[in-house]
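All figures in this text were calculated on a predicted structure; none of them were measured in a lab.
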Amino acid sequence: MTTATHGALPTPSTAGADRLGALVALSLPALFILLWSTGYLAGKLALPHAGPFTLLALRFGLAAVVLLGVSVATGAPWPKTPRAWIHLGVVGLLMQVLHFSGVYCAIAWGLPTGVAALLIGLMPLATTLGAHLWLAERLSARQWLGMLGGLAGVALVIADRPLGGGAWQAYGAGLLGLMGLVAGTLYQKRFCAGMDLRTGSGIQMTVSALAVTALALWREPGVADWSAELIGATLWLGLVNSIGAFSLMFVMIRRGQAAAVARLFYLIPGVSALMGVALLDEHLGALSLAGFVVAAAAVGLASMKRGG
């Protein structure tokens, strides 16, 4: 004789798997922010041993070799038309070459890693404004308020630092990097939304590596100082940042955690700044700290969806 049950109790193995899955879901966004933030520190450590374009050539070249190898090994689909290849190349020139050239030149010219990250951290605000100007997308009052708050935060950080000729040059390079990231993001959304992650990223990295190698041969003909710091930073930037962090973001999107990434992305400048203070002896005054808080709050406000 059997006894009817209203529901099966979870077994210890099932409950453990559920807890592990919940832990992974909570830790992935934080791990992404941590890995992305370390890219600024790795760049700062490597730049005394190689010029910005030389370092980027090493970073993009390593990432391109790995991504192309993975694409061939896994039989990933390649773009089917010449126009699709060109679009991917343009995204690489904007999102990789222009973006990171601006960031690395800014850091090489004395901009602290946290301040460089702060400028790039305004990307959600700048992308929203770009979509309004170029794609005629409407902006809400909250988004306008967020942009004003972001500018106020940057103004506080700038006010806390001396602005000699070199400082203006560094800030200009950082803003140029921000423009490249924004333009590349909008271009990719418009023309490369359906790209395969493996081949699309491989093509972008290959085009980027060729472009910065040409710039390095033109502007930085000297031989790089092959120190342990340069080798370690290059491996970290090429494998962990260019491939690992981007792939981790893709995994989170596949798991339905895109919203979590968006909410945490504006914390990157603050995390980078704290890492710079703790590990690189960079200094941040009271105005700078206030600027980071204001900018993070502004980006978070503008990134919120209607209804919370």
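- Connection of Leu287 to Phe292 is not established within any shared hydrophobic cluster, with ILVMFWY side chains joined at heavy-atom distances below 4.5 Å, either directly or through further cluster members.
- Leu210 is not connected to Ile86 by any chain of hydrophobic side-chain contacts under 4.5 Å among Ile, Leu, Val, Met, Phe, Trp and Tyr, and they are in different clusters.
- Leu119 pairs with exactly one of Leu176, Leu175, Val157, Val103 by the side chain to side chain contact (heavy atoms under 4.5 Å, CB included) rule, that one being Leu175.
- For the pair Tyr171/Val115, a side-chain contact is recorded, criterion being any heavy-atom separation below 4.5 Å from C-beta on.
- Annotation: the span from Leu94 atom CG to Leu186 atom CG amounts to 10.0 Å, rounded to 0.5 Å.
- Sorted pairs that involve residues 267-291 and meet ring pair (Phe, Tyr, Trp, His ring centres under 6.0 Å), not counting sequence neighbours, are lacking altogether.
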**side-chain contact (heavy atoms from CB on, under 4.5 Å) assessment of Val293 paired with Leu289** = CA-CA 6 Å; Val293 173; Leu289 293 174; 5.8 Å; no

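- Using a 4.5 Å heavy-atom threshold, the side chains of Phe100 and Leu181 count as separate.
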**Item:** Full working for side-chain contact (heavy atoms from CB on, under 4.5 Å) between Tyr40 and Ile120
**Value:** CA-CA 11 Å; Tyr40 294 96; Ile120 302 303; 3.5 Å; yes

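- Using a 4.5 Å heavy-atom cutoff, the side chains of Tyr187 and Met95 are not in contact.
- The nearest pair of heavy atoms linking Gly89 to Val207 is O-CG1, 3.9 Å.
- Not a single donor-acceptor pair under 3.5 Å links the side chain of Trp36 to the backbone N or O of Ile268.
- With Ser101 contributing its side chain and Leu98 its backbone, the two residues share no donor-acceptor pair below 3.5 Å.
- Side chains of Leu45 and Leu280 form a contact here, defined as non-hydrogen atoms less than 4.5 Å apart.
- Pairing each heavy atom of Ala298 with each of Gly149, the nearest pair is CB-C, 3.4 Å.
- The line from NZ of Lys44 to OG of Ser272 is 12.0 Å long, rounded to the nearest 0.5 Å.
- In plain terms, the two heavy atoms of Val182 and Ala126 that are nearest each other are CG2-CB, 3.4 Å.
- The closest donor-acceptor contact from the side chain of Asn241 to the backbone of Thr38 lies at 3.5 Å or more, if one exists at all.
- Closest approach of Leu88 to Gln204, counting heavy atoms only: O-CG, 3.3 Å.
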Please report, to 0.1 Å, the donor-acceptor pairs under 3.5 Å made by any side chain of residues 52-73, with sequence neighbours excluded.
| unit_1 | atom_1 | unit_2 | atom_2 | d |
| --- | --- | --- | --- | --- |
| Thr54 | OG1 | Glu220 | OE1 | 2.8 |
| Arg59 | NE | Ser242 | OG | 2.8 |
| Arg59 | NH1 | Tyr104 | OH | 2.7 |
| Arg59 | NH2 | Ser242 | OG | 3.4 |
| Ser71 | OG | Leu67 | O | 2.8 |
| Ser71 | OG | Arg198 | O | 3.3 |
| Ser71 | OG | Thr199 | N | 3.4 |

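- Residues Leu274 and Val294 do not share a hydrophobic cluster, clusters being chains of Ile/Leu/Val/Met/Phe/Trp/Tyr side chains in contact below 4.5 Å.
- The structure places OG1 of Thr234 at 4.0 Å from CG of Leu230, a figure rounded to the nearest 0.5 Å.
- No continuous path of hydrophobic side-chain contacts links Leu148 to Val154 [ILVMFWY only; heavy atoms under 4.5 Å].
- Across Ala117 and Pro269, no two heavy atoms sit closer than the pair O-CG, 3.4 Å.
- Atom CG of Leu151 is separated from atom CG of Leu156 by 11.0 Å, given to the nearest 0.5 angstrom.
- A pairwise comparison of heavy atoms in Met195 and Gly200 identifies SD-CA, 3.8 Å as the closest pair.
- Residue Ile243 holds its CD1 atom at 10.0 Å from CG of Leu197, rounded to the nearest 0.5 Å.
- Atom NE2 of residue His87 and atom CD1 of residue Ile203 lie 12.5 Å apart, to the nearest 0.5 angstrom.
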